[in-house]
Amino acid sequence: MTAKAQAAIPVEAYEAYCTLEHQLGVLLRRSRAISAEMGRAVHPELEPGAYSLLVRIDNAAPARPSDLATYFRVGKATISRQVKVLEGLGLIGRQDDPLDGRACLLALTDEGRERLDRARSARQERFYALLTTWPQEDVRHLADMLGRFNALTARDDRDHLPGTATPPGLPGA
């Protein structure tokens with residue numbers, strides 16, 4: 001934040017934003033570590049970055065590699081390398097895209113589904129164990145606040161990617 005912008009914000013608000021930035025940094029570092037653990041739980045040879053790709057393929061299946069590259073904001077070559085790893089481990093499969101003979105569609109294999117479901121269940125049990133002392137209302141409030149923040153950042157992402165801004169008057173605008 002520039003000195004001029006900082007000077008325009010009341011001290012209490014500035015301190016709150018600094019605390020938020022710090023806590024988000026801690027959360028993101030821990031999230032990367034958990035993703036690496038999750039990846040190893042799915043398959044010992046799975047790279048940390050490939051776990052996120054596997055989850056996205058599951059959520060968006062059948063998924064085109066070009067759509068995955070756009071989603072992750074990486075080049076098609078990067079996605080292609082990761083897809084080959086996931087295929088080589090037997091976690092995803094590909095089929096021809098019936099709408100575009102040059103493209104393919106990706107989806108989890110039965111083995112990939114089983115391994116991902118097992119890892120997700122373990123993660124859910126871990127979160128439950130961590131938060132079991134919290135009142136359910138606090139857990140729900142945290143989930144709601146994170147949902148609001150994620151929606152806000154998703155909207156910000158759309159507004160800063162070429163050709164993806166939401167037109168005024170549409171949901172998410």
Side-chain angles (χ1 to χ4, degrees), residues 1-2 5-6 8-43 46-65 67-74 78-79 82-83 86 91-92 106-108 112-173:
M1 179 176 296
T2 66
Q6 182 180 341
I9 299 173
V11 172
E12 299 82 25
Y14 179 72
E15 289 172 355
Y17 287 105
C18 288
T19 300
L20 174 63
E21 179 189 24
H22 171 75
Q23 291 300 328
L24 282 174
V26 171
L27 177 65
L28 293 172
R29 282 190 298 279
R30 289 187 177 149
S31 177
R32 283 189 294 274
I34 290 170
S35 285
E37 286 177 31
M38 295 292 295
R40 287 188 299 275
V42 170
H43 194 286
L46 190 63
E47 298 174 17
Y51 173 74
S52 296
L53 178 58
L54 185 67
V55 169
R56 181 62 187 166
I57 291 170
D58 180 40
N59 292 337
R64 294 177 68 175
D67 293 337
L68 296 168
T70 300
Y71 178 82
F72 285 107
R73 297 182 179 183
V74 298
T78 300
I79 291 295
Q82 293 293 337
V83 162
L86 293 172
L91 301 174
I92 64 168
L106 306 170
L108 271 62
R113 158 87 35 235
E114 182 181 314
R115 286 175 175 259
L116 183 60
D117 287 348
R118 220 175 22 240
R120 280 182 169 158
S121 292
R123 181 184 60 195
Q124 290 166 354
E125 288 173 18
R126 182 177 177 180
F127 284 149
Y128 178 78
L130 282 170
L131 297 172
T132 193
T133 60
W134 285 24
Q136 186 175 1
E137 183 179 318
D138 287 357
V139 174
R140 195 173 313 280
H141 185 67
L142 175 61
D144 290 345
M145 296 303 290
L146 288 170
R148 279 180 63 192
F149 184 76
N150 286 331
L152 180 67
T153 58
R155 191 167 47 247
D156 187 60
D157 283 351
R158 284 192 305 270
D159 292 345
H160 290 93
L161 283 176
T164 59
T166 305
L170 293 180

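This is a predicted model, so every value here is computed, not measured. Note that the numbering runs from 1 along the sequence shown for the chain.
- With sequence neighbours left out, Ser52 forms a side chain to side chain donor-acceptor pair (under 3.5 Å) with no residue at all.
- Leu108 is not listed as a side-chain neighbour of Leu86, based on a closest heavy-atom distance of 4.5 Å or more.
- Taking every heavy atom of both residues into account, Gln82 and Ala50 meet most closely at OE1-CB, 3.1 Å.
- Rounding to the nearest 0.5 angstrom, the gap separating the OG1 atom in Thr132 from the CD atom in Glu125 is 12.5 Å.
- Atom CG of Leu27 sits about 9.5 Å away from atom CZ of Arg32, to the nearest 0.5 Å.
- Inter-residue side-chain proximity for Phe127 and Leu130 is flagged as met; some heavy-atom pair is nearer than 4.5 Å.
- Once rounded to the nearest 0.5 Å, the distance linking CG of Leu28 with CZ of Arg30 reads 11.5 Å.
- Partners of Glu15 by side chain to side chain donor-acceptor pair (under 3.5 Å), not counting sequence neighbours: none found.
- In this structure, Ser35 contributes its side chain and Ser31 its backbone to a donor-acceptor pair below 3.5 Å.
- Looking at Leu106 and Pro62, their side chains never come closer than 4.5 Å, going by heavy atoms from C-beta outward.
- The side chain to side chain donor-acceptor pair (under 3.5 Å) check on Arg113 picks up Asp58, with sequence neighbours excluded.
- In this structure, Arg56 and Leu68 have side chains that are in contact, with non-hydrogen atoms separated by less than 4.5 Å.
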task = For the pair Leu152 and Arg148, evaluate side-chain contact (heavy atoms from CB on, under 4.5 Å) and give the outcome as yes or no after the intermediate values.
result = CA-CA 6 Å; Leu152 180 67; Arg148 279 180 63 192; over 6 Å; no
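- Here Arg126 pairs with Glu37 in a salt bridge; the nearest charged N to carboxylate O distance falls below 4.0 Å.
- Looking at Phe72 and Thr78, their side chains never come closer than 4.5 Å, going by heavy atoms from C-beta outward.
- When side chains are defined from C-beta on, Leu46 does not count as touching Arg40, because their heavy atoms never get closer than 4.5 Å.
- At least one side-chain heavy atom of Gln136 sits less than 4.5 Å from a side-chain heavy atom of Arg140.
- To the nearest 0.5 Å, atom CG of residue Leu53 and atom CD of residue Glu47 are 10.5 Å apart.
- Thr153 places a side-chain N or O within donor-acceptor distance of the main-chain N or O of Asn150, the cut-off being under 3.5 Å.
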ask   = Step by step, would you call Val55 with Arg120 a side-chain contact (heavy atoms from CB on, under 4.5 Å)?
value = CA-CA 10 Å; Val55 169; Arg120 280 182 169 158; 3.5 Å; yes
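- Put simply, OG1 on Thr19 and NE2 on His22 are 8.0 Å apart, with the number rounded to the nearest 0.5 Å.
- Note: Leu116 CG to His43 NE2 = 13.5 Å, rounded to the nearest 0.5 Å.
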